[in-house]
Student: 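Here's a structure for you.
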Protein chains: 2
Amino acid sequence: MCFVYILYTILMMGTKTENRVAEKSTAAEQVYNALKRDIITLQHQPGVSLTEQQLATLYGTSRVPVREACRRLGQEGLLTGRPYRGYSVNHISLKEIGDCFDLRLGLESRALELAAQRATAGDLNRLSNLATIEYTYHDWDSYVEFLDRNLDFHIQLASLSRNDRLVAVLRDLLGSMQRFFFLGLDLGDFASEMRSEHEELVALLSSDSPDLAIGCLNRQITSSRDRILRALIEDRIDLPIG
Amino acid sequence: MCFVYILYTILMMGTKTENRVAEKSTAAEQVYNALKRDIITLQHQPGVSLTEQQLATLYGTSRVPVREACRRLGQEGLLTGRPYRGYSVNHISLKEIGDCFDLRLGLESRALELAAQRATAGDLNRLSNLATIEYTYHDWDSYVEFLDRNLDFHIQLASLSRNDRLVAVLRDLLGSMQRFFFLGLDLGDFASEMRSEHEELVALLSSDSPDLAIGCLNRQITSSRDRILRALIEDRIDLPIG
DNA sequence: CTATTGTGCTTTGTATACATTTTGTATACA
DNA sequence: TGTATACAAAATGTATACAAAGCACAATAG
């Protein structure tokens with residue numbers, strides 16, 4: 001291994017990853033958040049066409065902030081915009097679900113590998129506070145918040161890798177994957193199964209068993225994917241294949 | 001393994017990954033390309049401040065297309081924009097180089113793993129055509145084109161995974177990493193060392209040795225990182241650490 | 001002398017008017 | 001009847017004018 005990289009590795013032990021500050025809400029930011037939420041919760045269903053003017057009146061602003069929001073969401077994989085022809089909400093295909101989970105596996109595995117090398121005891125303590133998530137059955141708002149906290153846990157876990165770039169990519173990916181959980185599934189089952197997984201993961205990390213933790217995470221992500229796929233099939237929810 | 005995923009896997013064997021069509025050049029697209037090129041080649045040096053108006057006059061257009069280009073480049077990690085305060089070209093720190101290479105390792109490893117399962121003989125033939133890259137020593141234009149083709153090779157290799165999402169992320173990442181090669185290094189050495197690596201990789205893939213191929217790729221990426229880090233140190237190029 | 005507040009300048013944020021492109025439709029012609 | 005062309009409608013792409021926000025610096029009160 002290159003001696004420079006050893007130096008680099010040592011330096012990284014001490015660096016702090018920047019915590020994203022809450023940015024002040026500009027109109028473009030608000031439209032971005034609202035539109036993203038509405039797409040994720042399927043208020044705008046996959047495949048429907050959206051025009052800038054339409055969204056502008058819907059969210060009470062002009063076309064410019066809408067435009068910016070649409071471009072961002074386009075890059076995150078929730079929208080597709082064709083020049084001079086407007087936007088359409090991306091379809092959720094079986095292929096896309098598989099692609100996203102494959103990518104997620106790669107990213108989170110790598111992040112956890114790095115996190116095991118770099119995380120401190122204090123980091124793990126702070127993380128364990130996020131691990132336990134309350135959830136009341138069949139309450140929609142509660143479920144939305146549960147998903148938010150679940151996302152946050154995975155982001156914070158990845159942040160222990162101290163790799164800002166990786167975390168940024170993962171944040172976008174997990175954000176757009178939230179949509180999968182709103183496909184008309186029986187949501188209760190998911191939450192109850194996912195609850196204990198976080199604690200298991202933190203425990204393995206705390207006991208300094210990186211390989212076990214990575215295996216555990218892989219099993220969890222894989223089973224999450226399979227839960228979704230199985231539920232889709234069993235509930236006979238029609239999705240495009242490719 | 002979930003039975004549904006087995007079905008999914010079989011289906012994926014036959015799917016074709018969409019080839020990105022060359023989009024017609026709108027002004028925003030042109031500014032994006034020009035600005036990206038100028039940042040990568042360090043015409044705009046790391047750390048300098050840029051204003052929308054300044055860029056608009058520089059590239060001969062109005063602020064709107066410039067704005068869009070800046071937002072895209074911001075999301076790709078080349079620029080940082082602070083609200084009401086303009087943009088600045090991101091610094092290249094040792095930490096960022098390390099972060100990017102770590103992420104790249106994770107992404108390309110995963111892609112190659114999938115590619116080994118899914119690629120056909122025809123795919124590998126087509127790829128091997130891209131593997132050999134001509135390069136004339138100490139010719140700047142030639143070196144730029146060499147880097148472009150090197151990028152293309154890695155993108156096409158990753159495309160064999162049939163995972164569009166992964167490819168999109170990798171494309172952005174590798175694009176912003178191009179900048180590392182323009183830090184005033186002796187470029188000739190890099191090119192000559194990198195040339196044979198592609199062929200070795202394709203050969204291992206063709207001989208159906210996925211594990212060897214992944215190991216080979218990992219060594220190549222790691223040594224590429226170390227070449228850059230070592231050259232930076234030896235040439236005494238001052239970079240921020242964190 | 002220090003801290004705070006106000007003022008002005010710079011730059012982005014937003015709205016709106018206009019240009020350009022795409023696509024569908026109607027019509028003329030073979 | 002089929003095809004090609006011209007035109008109209010709808011949407012984004014671009015430019016510009018104005019509003020809002022941040023920051024530096026000076027003036028002022030303590």
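Proteins come first, then strands; the chains are lettered A, B, ... in the order of their sequence lines, and each starts at number 1.
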Student: Just to be sure I understand the geometry, which residues of residues 64-74 of chain A put a non-hydrogen atom under 4.0 Å away from DNA chain D?
Tutor: A/R67, A/R71
Student: A/R82 near the nucleic acid: base, sugar-phosphate alone, or nothing, with a heavy-atom cut-off under 4.0 Å?
Tutor: sugar-phosphate
Student: Please name the nucleotide paired to C/dA15 by Watson-Crick or G-U wobble geometry with both distances under 3.5 Å, or report none.
Tutor: D/dT16
Student: Check this for me: does any side-chain nitrogen of one of A/E145 and A/R149 sit under 4.0 Å from a carboxylate oxygen of the other?
Tutor: yes
Student: Tell me which residues in residues 84-91 of chain A lie within less than 4.0 Å of DNA chain C, going by non-hydrogen atoms.
Tutor: A/Y84, A/R85
Student: Is the phosphate of C/dA15, meaning OP1 or OP2, less than 4.0 Å from a side-chain N or O of A/T61?
Tutor: yes
Student: If we only count heavy atoms from C-beta on, is the A/F182 to A/L147 side-chain gap below 4.5 Å?
Tutor: yes
Student: For D/dC23, what is the paired nucleotide under Watson-Crick or G-U wobble rules, both distances under 3.5 Å?
Tutor: C/dG8
Student: Quick one: B/Y59 OH to D/dT14 P, roughly how many Å, whole number?
Tutor: 16 Å
Student: Check this for me, if you would: do A/R72 and A/E29 make a salt bridge, where the nitrogen-to-carboxylate-oxygen distance has to be below 4.0 angstrom?
Tutor: yes
Student: Does the side chain of A/N150 pick up a donor-acceptor pair with the side chain of A/Y135 at under 3.5 Å?
Tutor: no
Student: Please determine whether a side-chain nitrogen or oxygen atom of A/T51 lies at a distance below 4.0 Å from atom OP1 or OP2 of D/dA10.
Tutor: no
Student: Flag the pair B/D172 / A/Q75 as yes when at least one side-chain heavy-atom distance between them is below 4.5 Å, and no otherwise.
Tutor: yes
Student: Without hydrogens or angle criteria, can the side chains of B/R165 and A/S176 be said to hold a donor-acceptor pair below 3.5 Å?
Tutor: yes
Student: Taking the side chain as every heavy atom from C-beta outward, state whether A/R104 and A/R225 have any pair of such atoms under 4.5 Å apart.
Tutor: no
Student: Rounding to an integer number of Å, can you tell me how far B/Q53 CD sits from D/dT16 P?
Tutor: 10 Å
Student: Give the rounded distance in Å between these two atoms: CD of A/E52 and C1' of C/dT14.
Tutor: 14 Å
Student: Can you check the A/Y32 OH to C/dG13 C1' distance for me, whole Å?
Tutor: 18 Å
Student: Tell me the interatomic distance from B/E29, atom CD, to D/dT14, atom C1', rounded to whole angstroms.
Tutor: 15 Å
Student: In this structure, how many angstroms lie between the P atom of D/dT16 and the CZ atom of B/R63, rounded?
Tutor: 12 Å
Student: Tell me whether B/D123 is salt-bridged to B/R126, with the criterion being a basic N under 4.0 Å from an acidic carboxylate O.
Tutor: yes
Student: Taking the side chain as C-beta and beyond, is there a heavy-atom pair between A/D38 and A/Y59 under 4.5 Å?
Tutor: yes
